[in-house]
Amino acid sequence: MSRPVRVRFAPSPTGYLHVGGARTALYNYLFAKKNNGKFILRIEDTDEARSTVESLKMVISDLKWLGLNWDEGPHPETLEDMGPHGPYKQSQRLSIYKKYADELLKKGQAYYCFLTDEEIEVQRQAAMAAGKSHHVNSPYQDWSLDQALAKIKEGGQAVVRFKTKHLKKDYILKDLVRGEVRFPSDMVGDFVLLRSGGMPVYNFCCAVDDHLMQISHVFRAEEHLPNSLRQMMIYEGLGWALPEFGHISLILDEDRQKLSKRKGATSCHQFQEEGYLPEALKNFIALLGWSHPEEKEIMTMEEMIQGFSVDRLNPSGAVFDGVKLKWMNAQHLRALPDEEIWKLLQPFCKKADLILPTDKAWAVQSIQTFKSYMETLQDTVEFYKPLDDSKFQIYDEAKEVLGWEQTKLVLQTWKQLLSEMTVANLSEADFLKTQDLVKEKAAVKGKNLFMPIRVAVIGKPHGAELKILVPLIDRKSLIARVDKVIAAL
RNA sequence: GUUCCCAUCGUCUAGCGGCCUAGGACACCUCCCUUUCACGGAGGAUACAGGGGUUCAAAUCCCCUUGGGAACGCCA
């Protein structure tokens, strides 16, 4: 209990950060912060075929976007190791793994195995046919180390396997979220520690690093549960004390399968591009498998940290509901100060080639106008499009309004009034006055009056209140729009 | 197939033996606000997978069944 809290997030860099990984990182982060511990980022890049520096940068950029800052690990900018337990990239720790593999080899707890893929496949087929679990049964497990070394000298290709046969017992894992989990030792076969090229495999590096980096608690996804048995065996073989483990439930898709890239957005980067706020994404994924003690729904990071505890982690899987995420994003977005929203919006406007006024008063006024409509930054751009003359268009949903018999008269009357004015932009009162005059002169009222005007202003019959929308557009532009709509009648 | 995990409204969840004729949130429906649409407000419908125990008392504990999921790699 006195052990200082040190947790880690250990992604393998194979692309942008997946939301499942993000949640694992988040829980580790929250746990560290809550307990005055350290949050460590370790890079599991021992799969040479899949790991790239580009991918590492992607993962790091997502982590940075989320604001999950780590105390030890690759530096967020330079990628250079920071912290006393480096290197933090497993590909740079090869000699360390080799050393412990040798130790296990010498103690007879691991052995060189010369089985080929083909031979293993034959075993597997036979086991399948017999309806048994297919674990490798290596004829080399009882070879002496010298015997194996001699064969290697002759050019033999060998992997190092952990010997499990003699381990006849149940391993009990006291899981922080699942309680006692009992694994029969024969649940796994002799698993690989070192590949034939000498590159270590996940379960081995993970155990070695967690121990060496003095990790106190391991929170990871449920899919790793069976790996825990292998890692427990390694810890036992090396005579090390186990860290605490907590296996978090899986995030599922609509079909209740493990959320995969094949179905919709799954990477943090995608959500960023779609205009989600990191605060909202974190809030949402935090609630997928955890709940605040006071059942808070919309939370700040600080509230999550304060309310976080392992016993509120839910062991059952959670379906990722994009609709709720959107709602949550809207809540966070609308809670932001107007200037802040405007600032966040700029990259999205730029991407859409929107040319908008730059003065602050206009910006704030426009944000207030659209605030109650905003869900993501990306879709907020849609509300701004009609405000850019070059992007003004008449939407299909306006067709019905254009077909009304009074529409032409209303628009012509309004245009006439606008033309007679001299102000650059109408004020709210100005607009209301013109609307009343149109009502009077054209003798049209109700939706037959304001719907055509709305279509002339934004190209569609639904949207924010006209009296606040109109002042955002200059008068000349308004006239040009009316002309366009009249021409389309 | 084998092993392990899981099981409350459609979804996320609260609930850790009596406060539960099961609470909240998203979504849905109705109404109010509103000369549109949103926002907001007020209501509504909807769940303890099934069966056995244990107990005075079970959504809560145990067992079985069923259903779902994951893992069984020289991936992580």
Side-chain angles (χ1 to χ4, degrees), chain A residues 10-14 21 44-47 49-51 90 113 115 117 120 124 127-136 157-161 173 175 177-178 181-184 186-189 191-203 205-206 220-229 247 249-250 252 254-258 284 287-298 311-312 314-328 330 334 370-375 383 397 401 435 439 445-451 453-455 460-466:
Chain A
S12 60
T14 55
E44 312 226 323
D45 56 352
T46 54
D47 183 353
R50 297 200 303 157
S51 304
Q90 292 185 326
C113 174
L115 239 28
D117 288 347
I120 291 171
R124 173 172 297 144
M128 287 276 263
K132 291 192 296 188
S133 54
H134 40 264
H135 294 147
V136 282
Q157 285 285 307
V159 300
V160 174
R161 283 185 191 278
L173 175 68
D175 192 275
V177 353
R178 269 148 232 283
V181 180
R182 183 177 294 262
F183 302 108
D186 60 3
M187 184 175 155
V188 296
F191 53 93
V192 172
L193 258 26
L194 256 36
R195 289 176 251 231
S196 49
M199 194 55 108
V201 163
Y202 169 73
N203 282 295
C205 322
C206 186
R220 58 182 15 166
E222 186 193 336
E223 59 198 332
H224 286 295
L225 206 41
N227 285 328
S228 300
L229 171 59
H247 287 88
S249 62
L250 261 16
L252 279 14
E254 322 64 76
D255 301 324
R256 301 208 135 262
Q257 310 273 308
K258 191 166 88 173
F284 178 73
L287 256 15
L288 249 32
W290 173 78
S291 60
H292 188 277
E294 290 153 37
E295 278 200 81
K296 282 195 174 131
E297 296 265 352
I298 303 294
D311 57 340
R312 299 196 66 84
N314 194 143
S316 57
V319 174
F320 189 95
D321 180 6
V323 177
K324 189 162 184 176
L325 167 61
K326 204 162 202 175
W327 168 81
M328 198 163 272
R334 291 180 202 147
F370 298 128
K371 208 167 195 175
S372 70
Y373 297 84
M374 295 177 180
E375 288 189 305
F383 305 125
E397 37 187 319
V401 176
Q435 202 181 34
K439 182 160 59 175
K445 58 180 182 176
K447 66 176 186 177
N448 288 319
L449 169 67
F450 62 82
M451 288 285 217
I453 295 179
R454 180 186 301 285
V455 170
K460 50 191 167 187
H462 302 299
E465 264 193 282
L466 277 174

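Each chain gets a letter, A, B and so on, in the order the sequences are listed, and its residues count up from 1. If you're wondering where the values come from, they're calculated on a predicted model, not measured in any experiment.
- Aromatic ring centres of A:H462 and A:Y373 lie farther apart than the 6.0 Å criterion allows.
- B:A22 is unpaired under the Watson-Crick or G-U wobble criterion, no partner having all donor-acceptor distances under 3.5 Å.
- Following rounding to the nearest Å, A:N203 (CG) and B:C74 (P) show an atom-to-atom distance of 11 Å.
- Judged by distance alone, with hydrogens and angles left aside, A:K324 brings a side-chain donor or acceptor within reach of the base of B:A25, the pair sitting under 3.5 Å.
- If you measure from atom CG of A:L287 to atom P of B:C12, you get 12 Å, rounded to the nearest angstrom.
- Side-chain atoms of A:S12 stay outside donor-acceptor range of the base of B:A76, with no qualifying N/O pair under 3.5 Å.
- The number of heavy atoms from other shown groups lying within 6.0 Å of NZ (A:K371) is above 12.
- When heavy atoms are screened at a 4.0 angstrom cut-off, A:A464 is found touching base atoms of the nucleic acid.
- A:H224 comes within 4.0 angstrom of a base, heavy atoms only.
- Between A:R312 and the phosphate of B:G15, there is a side-chain N or O to OP1/OP2 separation shorter than 4.0 Å.
- Counting non-hydrogen atoms under 4.0 angstrom, A:K258 reaches the backbone sugars and phosphates but no base.
- Searching all strands for a Watson-Crick or G-U wobble partner of B:A38 with both distances below 3.5 Å returns nothing.
- Here A:T46 lies in heavy-atom contact (under 4.0 Å) with sugar-phosphate atoms only.
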- Should A:L225 and A:R178 be marked as a side chain to side chain contact (heavy atoms under 4.5 Å, CB included) after you check the CA-CA gap, both sets of side-chain angles, and the distance that decides it? CA-CA 10 Å; A:L225 206 41; A:R178 269 148 232 283; 3.9 Å; yes
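- Of the P atoms belonging to B:A7 and B:G73, the separation is 27 Å, rounded to the nearest Å.
- The separation between A:Q257 atom CD and B:G67 atom C1' is 14 Å, rounded to whole Å.
- Here A:K258 does not pair with A:E222 in a salt bridge; the nearest charged N to carboxylate O distance is not below 4.0 Å.
- Within the nucleic acid shown, A:E44 comes within 4.0 Å of sugar-phosphate atoms alone, with no base atom in reach, counting heavy atoms only.
- The side chain of A:K439 places no N or O atom within less than 4.0 Å of a non-bridging phosphate oxygen (OP1 or OP2) of B:U35.
- In this structure, A:F284 and A:F320 have perpendicular ring planes: the angle between them is above 60°, well past the 30° mark.
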- Verdict with supporting geometry, A:V401 and A:F450, side chain to side chain contact (heavy atoms under 4.5 Å, CB included): CA-CA 10 Å; A:V401 176; A:F450 62 82; over 6 Å; no
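- The nucleotide B:A14 finds no pairing partner, because no Watson-Crick or G-U wobble arrangement with both distances shorter than 3.5 Å includes it.
- A:G289 comes within 4.0 angstrom of the backbone, heavy atoms only, and of no base.
- Toward the 5′ end of RNA chain B lies the nearest nucleotide of A:W290, the other residue of the pair A:D45 and A:W290 mapping further downstream.
- In a base pair of the Watson-Crick type (N1 to N3 plus N6-O4 or O6-N4) or a G-U wobble (N1-O2 and O6-N3), with each distance short of 3.5 Å, B:U60 is matched with no nucleotide.
- Going from atom CG of A:L252 over to atom C1' of B:G67 covers 14 Å, rounded to whole Å.
- For B:A14, the OP1/OP2 oxygens have a side-chain nitrogen or oxygen of A:S291 closer than 4.0 Å.
- With hydrogens and angles left out, the side chain of A:N227 and the base of B:A76 share a donor-acceptor pair within 3.5 Å.
- Comparing the C1' positions of B:A47 and B:G23 gives a spacing of 12 Å, expressed to the nearest Å.
- The side chain of A:D321 lies closest to B:G10, out of B:U35, B:G10, B:A76.
- Only the C1' atoms considered, B:A27 is 34 Å distant from B:G18, to the nearest whole Å.
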Which pairs, protein N/O on one side and nucleotides 61-65 of chain B N/O on the other, fall under 3.5 Å?
none

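- In terms of phosphate contacts, A:R256 brings a side-chain nitrogen or oxygen within less than 4.0 Å of OP1 or OP2 of B:C12.
- Counting non-hydrogen atoms of neighbouring residues, nucleotides and ligands closer than 6.0 angstrom, the NZ atom of A:K296 exceeds 12 such neighbours.
- One can find a donor-acceptor pair under 3.5 Å joining the base of B:G24 and the side-chain atoms of A:E297.
- The listed nucleotides are B:C26, B:C12, B:C39; the one nearest the side chain of A:V323 is B:C26.
- Rounded to a whole angstrom, the distance from the P atom of B:U2 to that of B:A59 is 34 Å.
- Taking atom C1' on both nucleotides, B:A22 is separated from B:G15 by 8 Å, rounded to a whole Å.
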Protein-nucleotides 4-8 of chain B N/O pairs under 3.5 Å:
{"unit_1": "B:C5", "atom_1": "O2'", "unit_2": "A:R178", "atom_2": "NH1", "d": "2.3"}
{"unit_1": "B:C5", "atom_1": "O2'", "unit_2": "A:E222", "atom_2": "OE2", "d": "3.2"}

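- For the C1' atoms, the distance linking B:C56 with B:G40 amounts to 49 Å, nearest Å.
- More than 12 non-hydrogen atoms from other residues, nucleotides or ligands lie less than 6.0 angstrom from CZ of A:R312.
- For B:A14 and B:G52, the P atoms lie 28 Å apart once the distance is rounded to whole Å.
- A gap of 46 Å separates the P atoms of B:C29 and B:C4, to the nearest Å.
- Looking only at distances, a side-chain donor or acceptor of A:R454 sits under 3.5 Å from a matching main-chain atom of A:P461.
- Both A:L466 and A:A318 lie close to RNA chain B; mapped to their nearest nucleotides by heavy-atom distance, the more 5′-ward contact belongs to A:A318.
- No option in A:V181, A:V177, A:L173 other than A:L173 meets the side chain to side chain contact (heavy atoms under 4.5 Å, CB included) test with A:H247.
- We find the CG-CG distance between A:L288 and A:L325 to be 9.5 Å, quoted to the nearest 0.5 Å.
- In this structure, A:D45 contributes its side chain and A:Q90 its backbone to a donor-acceptor pair below 3.5 Å.
- Atom NE2 in A:H135 sits about 12 Å away from atom C1' in B:G1, given to the nearest Å.
- Base pairing analysis places B:C72 opposite B:G1; the two distances defining the Watson-Crick or G-U wobble pair are each below 3.5 Å.
- Rounded to whole Å, atom P of B:A38 lies 17 Å from atom CE of A:M374.
- Base engagement by A:V159 is indicated by at least one non-hydrogen atom pair under 4.0 Å involving a base atom.
- In this structure B:A7 sits in a base pair with B:U66, meeting the Watson-Crick or G-U test at under 3.5 Å.
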